[in-house]
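Note sheet for the following structure.
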Amino acid sequence: MPSLILGPVLRHVGAEHATVWVEVDTRCEVSVLGATATTFEVSGHHYALVQVGDLPAAETVEYDVRLNGVQVWPPAEPGRPGVSGGGPVLPPSRIRTLDPERPQRIAFGSCRVATQRTVKGKRKYGVDALEAYAVRIANHPDDGWPDLMLMLGDQVYADETTELTQQRIAARRDITKPPKREIADFEEYTWLYHESWSDPQIRWLMSTVPIAMIFDDHDVHDDWNTSRSWRQDVKKTSWWAERIVGGLVSYWVYQHIGNLSPQELAADEVYQRVLQCAKNGEDAAPMLREFAEMADAEADGGKGYRWSFWRDLGRTRLVVIDSRCGRMLDGEYRSMLSDAEFAWVEEKARGDFDHLLIGTSLPWLMAPALHQIEAWNEHLAEGGGRRGWVGEQLRRASDLEHWPAFRESFDRLSRLIADVASGEHGSPRPASVCVLSGDVHHSYICEADVTPLMREVPADASKVYQLTCSPVHNTIPAVMRLAFSISWTAPVTRIARLVFTRPRTIPETLMRWKSLGGPLFGNAISTLVLEGRAARVVLESTRHAKPQQPRRQSDGDPMGSEWELTPEDWDESRYPLEVEIARDLSAHS
């Protein structure tokens with residue numbers, strides 16, 4: 001009888017439809033609320049994305065998962081998922097279809113190392129904010145549950161593996177040879193997802209709250225696509241070709257396809273080819289390998305696969321940008337996105353909606369001092385000769401690769417936001433434009449004044465914000481905390497502008513921005529609440545919670561299904577999420 005390995009994961013949810021992703025152990029039929037899908041196979045692993053249609057609008061529907069007609073989710077034992085010996089009965093997994101009349105809640109964050117039950121140094125990493133969030137919503141009615149959870153990069157860490165994963169790697173291959181204890185290929189990538197998504201609280205959360213995701217560097221490798229020189233160097237290694245193929249194929253399977261609506265899935269050539277492989281009884285791995293090689297190689301030609309995605313949540317438009325794989329690096333034109341991708345973003349960012357959300361794993365606005373340093377470093381690194389070599393080493397060592405380090409791209413995105421905020425192209429002005437980001441292992445909110453970029457400044461121009469939430473479960477060295485803290489101060493900002501501004505080569509940006517909260521350090525998750533044309537953001541952290549010690553039930557599955565849990569593990573008081581920043585975004589500060 002087929003078994004459920006991972007999932008269900010609730011992905012794209014609309015007014016009358018939903019998609020549910022699962023991984024199972026063999027070929028079978030997967031059913032959710034009467035909708036069925038045949039699994040597809042990738043390198044011996046089996047997956048399905050069930051498209052459930054004709055759901056009642058603005059309603060909540062409980063669901064189960066059946067394999068060949070046999071229910072496998074929720075598990076039959078009381079107190080499940082994942083709780084041995086009984087325990088509290090959790091709310092059932094359910095699908096809540098979109099209701100444009102209710103406030104839209106979008107939870108977001110980034111940078112989550114594997115569940116705290118599988119990592120060493122638990123006090124170093126602290127309490128997983130996503131696990132605390134799962135316990136929170138399991139204990140409260142669904143009227144405050146998010147309509148979407150947006151994970152903004154580093155969902156898995158291919159270059160920073162846990163001890164459990166390293167043990168599995170050592171049993172499979174020689175870890176004295178590159179890539180040593182890092183992930184090598186698709187098979188090992190599957191271990192990362194099993195490790196990160198099998199925790200019982202996380203598994204239940206992902207079965208209940210719609211999830212959207214975009215990758216960042218650690219999903220593949222630190223500094224992935226940071227520069228032309230980096231790409232040239234990594235391509236010379238013996239292990240990179242297999243790593244990038246495994247990374248992109250696993251991202252497509254585990255993360256990307258769930259970002260797409262049923263209509264987009266029907267139009268996606270890669271997805272349709274995978275389904276055809278399933279119909280023919282073929283493993284789709286060879287086809288997906290070819291696709292991944294193309295997606296990596298053609299990124300600089302502007303003809304690569306589109307990883308960016310969008311969706312409407314009532315009167316809110318969300319556009320999530322791939323700011324990692326699609327970078328233009330190999331030619332003379334250096335950019336975060338190709339012209340074709342930028343044009344797509346510009347098209348999706350215009351329309352009749354109350355709020356525009358732009359998701360990008362890398363912050364658009366950083367501390368002004370850091371912004372100027374990154375702009376200076378780009379000029380230095382691209383200068384050639386010894387100066388260029390020094391600039392490149394600084395870029396890699398200090399991760400100087402955010403939007404400010406791609407100055408032309410930064411300016412183009414800034415002009416787009418200013419145009420939307422002013423209604424430059426005739427579209428109605430949204431009440432707010434919020435850029436949601438992660439990556440930098442500290443959280444902050446800042447407000448931008450983009451009026452210097454507008455041709456005409458209307459009295460009711462949109463309010464513009466950068467909302468950064470990172471990490472969900474990770475840490476940052478003390479020296480970096482100090483650097484990020486002082487980089488927001490006025491004296492350091494003035495010094496950076498004086499030292500690193502060169503009017504002819506590194507001009508200072510015309511726009512200004514200021515902090516409204518942060519920087520905050522520690523595991524956190526943010527929630528953006530949009531009601532009509534009003535908006536507010538709340539950032540909560542687990543910095544006062546005490547890490548729980550794991551209680552291993554058996555020596556069975558090391559990926560989480562055998563962890564012994566008790567009713568205390570669903571006790572909200574053990575996982576406190578405390579409000580650190582709360583801001584009304586409906587009025588300028």
Side-chain angles (χ1 to χ4, degrees), residues 106-116 119 124-133 146 149-157 159-160 196 211-220 222-224 226 255 320-324 357-367 370-371 374 398-405 434-446 465-485 487-488 515-528 537-543 577-581 583:
I106 295 94
F108 64 97
S110 78
C111 308
R112 179 178 178 264
V113 299
T115 174
Q116 62 191 55
V119 297
K124 173 184 175 183
Y125 286 110
V127 172
D128 184 351
L130 197 62
E131 185 170 323
Y133 195 76
M149 179 163 287
L150 179 60
M151 306 307 295
L152 287 160
D154 296 342
Q155 275 68 258
V156 294
Y157 280 70
D159 51 352
E160 297 178 15
S196 292
I211 308 288
M213 314 179 202
I214 192 69
F215 47 36
D216 199 29
D217 55 346
H218 289 286
D219 288 84
V220 176
D222 187 28
D223 296 337
W224 177 31
T226 190
Q255 298 192 49
V320 181
I321 302 173
D322 161 27
S323 53
R324 185 61 68 174
L357 311 181
I358 298 176
T360 168
S361 62
L362 304 172
W364 164 55
L365 299 179
M366 305 179 70
L370 294 179
H371 172 96
E374 292 211 8
S398 304
D399 290 336
L400 304 178
E401 48 149 353
H402 302 85
W403 283 89
C434 296
V435 180
L436 314 182
S437 304
D439 178 71
V440 289
H441 290 213
H442 65 287
S443 302
Y444 58 91
I445 299 170
C446 61
Y465 301 94
Q466 169 72 63
L467 310 178
T468 301
C469 184
S470 168
V472 169
H473 188 217
N474 212 315
T475 187
I476 188 172
V479 65
M480 294 305 299
R481 295 187 181 210
L482 176 62
F484 285 132
S485 295
S487 64
W488 283 100
S515 172
L516 300 182
L520 174 73
F521 302 98
N523 298 331
I525 196 158
S526 289
T527 304
L528 184 61
V537 65
V538 178
L539 187 145
E540 300 171 281
S541 83
T542 63
R543 62 176 176 161
L577 273 170
E578 297 190 7
V579 174
E580 302 282 358
I581 304 173
R583 280 287 180 176

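It should be emphasised that the depicted structure is a prediction, and the values quoted were computed from it without experimental measurement.
No hydrogens or angles considered: a donor-acceptor pair under 3.5 Å links the side chains of W403 and T360.
At distances below 3.5 Å, not a single donor-acceptor pair connects side-chain atoms of S110 with backbone N or O atoms of S470. Within the 3.5 Å criterion, the main-chain N or O of L516 finds a donor-acceptor partner in the side chain of R583. When atom types are taken as modelled, the side chain of Q466 and the backbone of W364 share a donor-acceptor pair closer than 3.5 angstrom. Between the side chain of H473 and the backbone N or O of G126, at least one donor-acceptor pair lies under 3.5 Å.
We find the CG-CG distance between N523 and N474 to be 7.5 Å, quoted to the nearest 0.5 Å. In this structure, D217 CG and D159 CG are separated by 7.5 Å, a value rounded to the nearest 0.5 Å. Between the CG atom of D439 and the NE2 atom of H218 there is a distance of 7.5 Å, given to the nearest 0.5 Å.
Within the 4.5 Å cutoff, the side chain of D222 has no heavy atoms near those of the E160 side chain. Contact of the M366 side chain with the H402 side chain is registered, since non-hydrogen atoms from C-beta on lie closer than 4.5 Å. Taking 4.5 Å as the limit, some side-chain heavy atom of V440 sits within range of a side-chain heavy atom of P363. Two residues are said to be in side-chain contact when any heavy atoms from C-beta on lie closer than 4.5 Å; P471 and Y125 fail this criterion. Taking 4.5 Å as the limit, every side-chain heavy atom of V537 sits out of range of all side-chain heavy atoms of T527.
With sequence neighbours left out, the salt bridge (Lys or Arg N to Asp or Glu O under 4.0 Å) criterion links D154 to no other residue. Partners of Y133 by ring pair (Phe, Tyr, Trp, His ring centres under 6.0 Å), not counting sequence neighbours: none found. Residues passing the ring pair (Phe, Tyr, Trp, His ring centres under 6.0 Å) test with F215, sequence neighbours excluded: W224, Y251, W307.
When all heavy atoms are compared, the tightest approach of E401 to T226 is CB-OG1, 3.3 Å.
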